[in-house]
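As structure tokens, the structure follows; a few thoughts come after it.
Any value given below was found using the heavy atoms of this structure, including those in side chains, with hydrogens, waters and symmetry copies removed. Nothing here was measured: the structure is a model prediction, and the numbers come from that model.
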Amino acid sequence: ATFVISGGTGALGIFTAIWLANRGAKAIVLLSRSGLPVEDAKDNFEKLKQMDVQIIIIKCDISSRESVQAAFENIDCLSLPPVKGIFHAAGIVDDCLIKNQNIENIQSILAPKIDGAFNLHEMSKKHNYLLDSFVLYSSASGVIGVAGQSIYASANAVLDAFAQWRNNQGLPTVSIAWGPWKYMGMAARNLVVDMEDVSYVLPWFARSMIETALKECGTKFTLVLAIQAHWKCVSKHNINIKLKDFGEKLKTQTLPLDK
């Protein structure tokens, strides 16, 4: 099968591509605004190029409907196996207090996440892709909140809701609300998290979360909260979390995880 990854040359995009290649993907299309791997993904990109999988990089502004349409038309012109899965890993973070926000900054954060998700949804339907999975990479900030990330958290909360909306239409969709990654990704580059009670996402944990998300794709579960945390400590930092209610929901909806 062929898989499409937006934000494909970012650290999480390339990590996901390697995961897919290890599980038998025949072709992977990396949609990327720059077309080049980010600095902290270059080693993994070299590893990916050595794997037994066809890698196609297509320059694409995921927030532009026209750009995404052109990318999908390009995919259809290639002799690739059927597209069976889409991973939406594009996004940027720009910490800023609400009082200091401006419309340009807000749009730059919202567009890749929200417009990008809808563009991928619309074009996958227009091109009649029979998808087994549509995976949205959101953030734990949309669930528990992070100081200075009100717009980023909002964008990710929309992705989580979008997953439910698609799933309700019978379109298998799941959102992974990632915690901060260790060694790679925006959190590692920008040091956006400094809480002793939240553990960084390590590669083994990330692989397990992707596996879990795909198993649940199309079921009643549309959100996987991929974070390891001491919830009692987190609740002290975040007034938005009602620990009792939140804990009860975790108990009833937590999925099994094997290291």
Side-chain angles (χ1 to χ4, degrees), residues 3-20 23 25 28-33 37-38 40-41 44 60 62-63 68 85-94 109-121 124 131-144 146 149 151-167 171-190 192-193 200-203 205-217 221-228 255:
F3 293 85
V4 177
I5 305 175
S6 71
T9 58
L12 273 62
I14 291 174
F15 181 91
T16 302
I18 291 174
W19 186 90
L20 289 167
R23 279 153 184 78
I28 301 174
V29 178
L30 305 177
L31 303 182
S32 167
R33 186 170 52 183
V38 295
D40 56 355
N44 270 347
C60 174
I62 201 66
S63 64
V68 177
I86 292 177
F87 287 75
H88 181 35
I92 64 169
V93 62
D94 186 7
I109 296 171
L110 296 181
K113 290 277 187 179
I114 300 174
D115 293 346
F118 188 79
N119 289 335
L120 289 169
H121 160 77
S124 65
L131 302 177
D132 294 328
S133 56
F134 190 102
V135 184
L136 302 162
Y137 279 9
S138 72
S139 166
S141 66
V143 179
I144 64 175
V146 174
Q149 292 189 7
I151 307 304
Y152 184 69
S154 299
N156 286 293
V158 171
L159 289 190
D160 298 339
F162 189 74
Q164 182 72 64
W165 177 76
R166 264 185 53 97
N167 215 55
L171 303 171
T173 311
V174 66
S175 182
I176 307 178
W178 291 109
W181 285 55
K182 187 80 168 179
Y183 309 124
M184 67 180 80
M186 292 182 288
R189 288 194 295 273
N190 300 316
V192 297
V193 174
Y200 282 90
V201 172
L202 295 173
F205 182 73
R207 287 190 289 269
S208 185
M209 288 291 94
I210 298 172
E211 187 84 47
T212 296
L214 288 181
K215 286 179 180 178
E216 297 304 318
C217 197
F221 293 101
T222 59
L223 174 62
V224 173
L225 180 57
I227 188 172
Q228 300 178 95
L255 302 173

[atom1] of [X] to [atom2] of [Y]: how many Å apart, nearest 0.5 Å?
X	Y	atom1	atom2	answer
T16	F3	OG1	CZ	11.5 Å
L136	I114	CG	CD1	11.5 Å
L202	R207	CG	CZ	10.0 Å
I176	T212	CD1	OG1	8.5 Å
Y152	I109	OH	CD1	9.5 Å
H121	W165	NE2	CH2	3.5 Å

Query raised in the report: Do you know which of L223, V174, V224 makes side-chain contact (heavy atoms from CB on, under 4.5 Å) with D160?
Result: L223

Does any N or O in the side chain of [X] come within less than 3.5 Å of the main-chain N or O of [Y], such that one atom is a donor and the other an acceptor?
X	Y	result
T173	L171	yes
H88	P112	yes
S32	G7	no

Search all heavy atoms of [X] against all heavy atoms of [Y] and return the closest pair with its distance.
X	Y	result
T222	N167	CG2-ND2, 3.5 Å
A89	I5	CB-CG2, 4.4 Å
F205	A226	CE2-C, 3.7 Å

Query raised in the report: How about T9 and V38: do any of their side-chain heavy atoms sit closer than 4.5 Å?
Result: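 Heavy-atom side-chain distance check fails, nothing below 4.5 Å.
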
Query raised in the report: Side-chain contact, heavy-atom cut-off 4.5 Å: W19 with L214?
Result: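 Heavy-atom side-chain distance check passes, below 4.5 Å.
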
Query - R33 atom CZ, neighbour heavy-atom count above 12 within 6.0 Å - result: no

Query raised in the report: Using 30° and 60° as the class limits, which term best fits the ring planes of W178 and Y137: parallel, tilted or perpendicular?
Result: perpendicular

